[in-house]
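Lettering of chains follows the sequences in order, A, B, ..., and the numbering in each one begins at 1. Computation of the quantities below employed the complete heavy-atom set of this structure, encompassing side-chain atoms and omitting hydrogens, waters and symmetry-equivalent molecules. The shown structure was predicted, so the numbers you read here are calculated from the model rather than taken from an experiment.
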Amino acid sequence: MKQTLTEILLQALRRAKDKGELKLETQPTITLDTPKDKNHGDLATTMALAMAKAEGKPPRKVAETILANIQDEEGIIAKTEIAGPGFINFFLKQDRWRKTLFDIDDQGHEFGFKDIGKGEKVQVEFVSANPTGPLHVGHGRGAAVGDALANLLAAVGYDVQREFYINDAGRQVKLLARSVYSRYRQMHGKDEPFPEDGYHGTYINEISASASTSASVGLEYIDRSFEESERAFAEYSKDQMLADIKKDLEDFGVRFDVWFSEKSLLADGSVKKSIEELKERGFAYEQDGALWLKSTAFGDDKDRVIIKKDGEYTYLATDIAYHRNKLARGFSQLVNIWGADHHGYIPRVQAVIQAFGHPKDSLHVILIQLVAILRHGQPVPMSKRAGTFVTLRDVVADVGADAARYIFLTRKTDSHLDFDLDIAKEQSRENPVYYVQYAHARISSIFRETESRGIKIPARETVQIDLLDLEEEQNLIKALARFPEMIEEAALAYEPHRLTFYLQDLAGTLHNYYYKHRVIDAENPAKTGARLFLMKQIRIVIQSALKILGVAAPEKM
RNA sequence: GCGCCCGUAGCUCAGCUGGAUAGAGCGUUGGCCUCCGAAGCCAAAGGUCCCGCGUUCGAAUCGCGGCGGGCGCACCA
């Protein structure tokens with residue numbers, strides 16, 4: 001709809017220029033917005049205001065010229081007007097809007113899913129939690145956003161891969177092993193101090209206990225030193241944690257295509273190789289006995305250490321190899337979803353990307369602000385080390401995966417999120433997710449009713465959509481017509497939260513209609529048919545949007 | 001000290017690639033079930049869009065400077 005009108009406007013400009021009525025030294029961009037106020041038309045443009053200065057004419061004059069040159073061959077425009085300082089408002093013919101219903105009927109769940117990506121490969125890396133403890137709510141937010149974003153990008157034609165990067169090589173895993181080892185020894189009556197920085201959660205005890213009966217650890221290490229035991233405990237503990245993490249994510253409805261091991265980069269020599277390549281490219285140098293990345297060449301505050309004086313790699317070293325590996329896999333766009341506390345790391349990694357000869361913006365980092373958990377109105381202090389944190393599993397058990405996902409997605413990622421457990425639990429029926437799901441269930445309920453009465457939803461060949469002439473019906477149709485552009489904008493902006501707001505708006509429009517008018521009118525089969533046809537298309541769009549968010553569309557609640 | 005994010009209704013937040021009278025949910029007040037699902041609808045009250053200056057025909061939106069809150073500034077990961 002918007003596209004058609006944009007075409008018409010472009011032609012009008014061309015015509016005005018040919019006739020010498022407009023100078024058009026620079027091609028103006030055509031912006032069309034849906035006005036907040038319905039009295040301002042279905043679509044409005046401010047282009048005349050923007051062009052006024054360059055044309056040297058008052059905006060209203062420019063608007064008049066544009067309008068005078070419009071040729072509406074298809075006949076979609078019902079009325080135009082120039083308002084205020086020079087807005088051009090377009091009122092479109094109702095039957096044109098109604099055709100949207102046929103589009104949805106034809107395309108089904110493909111409706112609104114343009115092929116912007118053209119099959120380009122895109123990777124979304126998210127969660128990537130250290131396998132040293134259970135996932136907490138912050139990870140849940142990242143998981144919800146990452147998964148929805150991946151769905152969204154797939155919906156607009158990208159070939160999307162979901163990846164989880166496993167930090168299984170560093171000190172954290174060693175500390176995990178050490179913690180489990182200590183509890184294990186204590187469990188078997190040995191006098192073993194617990195490491196000062198060890199992980200304190202009860203899950204450590206559980207792993208220690210299960211390790212004792214496992215095939216790979218068993219009772220063999222009760223009297224062995226940590227040095228002798230480390231490998232077995234590290235492997236066992238990490239595997240247990242990863243299995244847990246995978247389970248939590250699956251229960252949350254999130255699945256990854258690739259689980260990428262940091263350790264594998266060390267094992268197969270790619271860390272060494274990547275560093276060599278950086279040296280060859282002139283972006284790594286030695287100083288003070290350490291090896292540095294020349295990240296200042298790309299705008300970082302200072303250069304960063306890759307290999308420490310003692311010969312150990314820093315975290316950056318494996319990240320260099322990891323991002324080189326990603327780039328080599330042929331993605332046109334890399335999206336990393338990180339906790340906001342890692343924001344200082346962005347210039348470094350973007351420097352790496354550029355050092356390997358790729359444009360800076362081939363990596364897009366989305367920062368997720370931290371989630372504060374409130375219980376009884378008070379913030380719950382969270383520390384992984386101290387073992388006090390609210391796990392994703394707890395939240396899912398409390399409020400359900402759908403509500404949790406939806407809450408995570410009703411805020412843009414830049415915003416801090418207060419997740420009040422009591423409200424999410426006690427007022428769960430007030431939760432926005434139910435409002436949207438209820439709309440879906442309501443339509444489904446109507447269909448159950450018509451089915452029991454033997455009323456059929458008409459096919460598009462027989463339906464009389466011109467009977468949909470109520471204002472509330474127009475509102476619904478226009479909301480549906482907005483879906484494709486909303487999807488496109490959300491995808492290009494990497495902002496899945498826009499879908500939740502769209503859905504709430506659509507659901508509200510439906511609830512309003514439902515209350516005011518009855519879909520089934522036994523006296524008027526033709527009108528009933530048209531309304532059922534409308535309901536059918538609304539249901540399709542709700543389903544599509546909820547599916548992208550990863551939230552269920554229940555037929556009954 | 002430097003950097004990033006946030007500051008919009010009592011609360012939690014949308015709106016921010018500049019547009020017309022700033023929105024939603026919750027909460028408050030009042031109304032709506034003989035009728036397809038009341039997990040719903042309608043209405044009312046509620047605002048210095050943190051402050052100041054600037055750019056602009058036009059600023060919640062852009063720029064600069066403050067203030068307040070969060071986070072980060074390692075040869076940790």
In whole Å, measure the gap between the [atom1] atoms of [N] and [M] for me.
N: B:rA24; M: B:rC62; atom1: C1'; value: 26 Å
N: B:rG1; M: B:rA9; atom1: C1'; value: 37 Å
N: B:rA59; M: B:rG18; atom1: P; value: 14 Å
N: B:rG15; M: B:rC57; atom1: C1'; value: 23 Å
N: B:rC53; M: B:rU61; atom1: P; value: 13 Å
N: B:rG23; M: B:rU48; atom1: P; value: 16 Å
N: B:rU56; M: B:rG63; atom1: P; value: 16 Å
N: B:rG37; M: B:rC41; atom1: P; value: 16 Å

Give [X] one of three labels, base, sugar-phosphate or nothing, depending on what nucleic acid heavy atoms sit under 4.0 Å from its own.
X: A:Glu555; result: base
X: A:Ala441; result: base
X: A:Gly170; result: sugar-phosphate
X: A:Asp288; result: base
X: A:Arg304; result: nothing
X: A:Thr410; result: sugar-phosphate
X: A:Ala52; result: nothing
X: A:Lys174; result: nothing
X: A:His517; result: base

Please state whether the phosphate of [N], meaning OP1 or OP2, lies under 4.0 angstrom from any side-chain nitrogen or oxygen of [X].
X: A:Asn39; N: B:rA20; answer: no
X: A:Thr46; N: B:rG19; answer: no
X: A:Lys36; N: B:rG23; answer: no
X: A:His511; N: B:rA38; answer: no
X: A:Tyr515; N: B:rC41; answer: no
X: A:Arg60; N: B:rC57; answer: no

Pairing of [X] and [Y] as salt bridge, 4.0 angstrom limit:
X: A:Asp505; Y: A:Arg482; answer: yes
X: A:Lys326; Y: A:Glu163; answer: no
X: A:Glu276; Y: A:Lys279; answer: yes

Side chain of [X] only, please: which of [options] is the nearest?
X: A:Ser415; options: B:rC35, B:rC13, B:rC75; answer: B:rC13
X: A:Lys53; options: B:rC36, B:rC5, B:rC57; answer: B:rC57
X: A:Ala44; options: B:rA20, B:rG40, B:rC75; answer: B:rA20
X: A:Lys308; options: B:rC76, B:rC6, B:rA20; answer: B:rC76
X: A:Leu49; options: B:rC5, B:rC57, B:rA77; answer: B:rC57
X: A:Tyr315; options: B:rA77, B:rC71, B:rC36; answer: B:rA77
X: A:Arg411; options: B:rG37, B:rG19, B:rA14; answer: B:rA14
X: A:Asp37; options: B:rC5, B:rU21, B:rG37; answer: B:rU21
X: A:Gln172; options: B:rC36, B:rC75, B:rA77; answer: B:rA77
X: A:Tyr435; options: B:rC41, B:rA39, B:rC36; answer: B:rC41

> Using 30° and 60° as the class limits, which term best fits the ring planes of A:Tyr322 and A:Tyr165: parallel, tilted or perpendicular?
Replying inline: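 Taking A:Tyr165 first and then A:Tyr322, their aromatic rings lie parallel (interplane angle under 30°).
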> Given that A:Gln287 and A:Gly344 both sit by RNA chain B, which one's nearest nucleotide is further toward the 5' end?
Replying inline: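 In this pair, the answer is A:Gly344.
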> Which residue, A:Tyr345 or A:Asn89, contacts RNA chain B at a nucleotide closer to its 5' end, judged by nearest heavy atom?
Replying inline: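 Looking at the nearest nucleotide for each, A:Asn89 comes out on the 5' side.
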> Is the distance between the ring centroids of A:Tyr406 and A:Tyr434 less than 6.0 Å?
Replying inline: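 No, they do not, as the ring centres are separated by 6.0 Å or more.
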>> Ignoring hydrogens and geometry beyond distance, is a side-chain donor-acceptor pair present between A:Gln172 and A:Thr132 at under 3.5 Å?
In response: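 Side chains of A:Gln172 and A:Thr132: no pair found under 3.5 Å.
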>> Would you say A:Tyr345 and A:Arg304 are linked by a side-chain donor-acceptor pair, where the criterion is simply a distance under 3.5 Å?
In response: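 No, A:Tyr345 and A:Arg304 have no side-chain donor paired with an acceptor closer than 3.5 Å.
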Go ahead and name the base partner of [N]; Watson-Crick or wobble counts if both distances stay under 3.5 Å, otherwise write none.
N: B:rG30; answer: B:rC42
N: B:rG3; answer: B:rC71
N: B:rG58; answer: none
N: B:rU12; answer: B:rA24

>> A:His364: which residues meet the ring pair (Phe, Tyr, Trp, His ring centres under 6.0 Å) condition with it, sequence neighbours left out?
In response: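 Once residues adjacent in sequence are excluded, the partners of A:His364 under the ring pair (Phe, Tyr, Trp, His ring centres under 6.0 Å) criterion are A:Tyr494.
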> How would you label the glycosidic angle of B:rC35: syn (within 90° of 0) or anti?
Replying inline: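 Base orientation relative to the sugar is anti.
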>> Would you say that more than 12 heavy atoms from the other residues, nucleotides or ligands in this model lie under 6.0 Å from the NZ of A:Lys478, or not?
In response: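 Result for NZ/A:Lys478: enclosed.
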> Atom CG of A:Asp197 and atom P of B:rC76: how far apart are they, to the nearest Å?
Replying inline: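 To the nearest whole Å, that distance equals 14 Å.
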> Within this structure, what is the CD1-to-C1' distance between A:Ile320 and B:rA77, rounded to whole angstrom?
Replying inline: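 Rounded to the whole Å, the gap is 15 Å.
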> Has A:His342 got its ring stacked on B:rG72, by the test of a centre gap below 5.5 Å and a plane angle below 30°?
Replying inline: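 The base of B:rG72 is not stacked with A:His342 (the test needs centres under 5.5 Å and planes under 30°).
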> Can A:Phe87 be said to stack with the base of B:rA20, given centres closer than 5.5 angstrom and planes under 30 degrees apart?
Replying inline: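 A:Phe87 ring centre within cut-off of B:rA20 base, planes near parallel; stacks.
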>> Whether the side chain of A:Asp505 and the base of B:rA14 hold a donor-acceptor pair under 3.5 Å is what I'd like checked.
In response: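 By the distance-only test, no, there is no pair.
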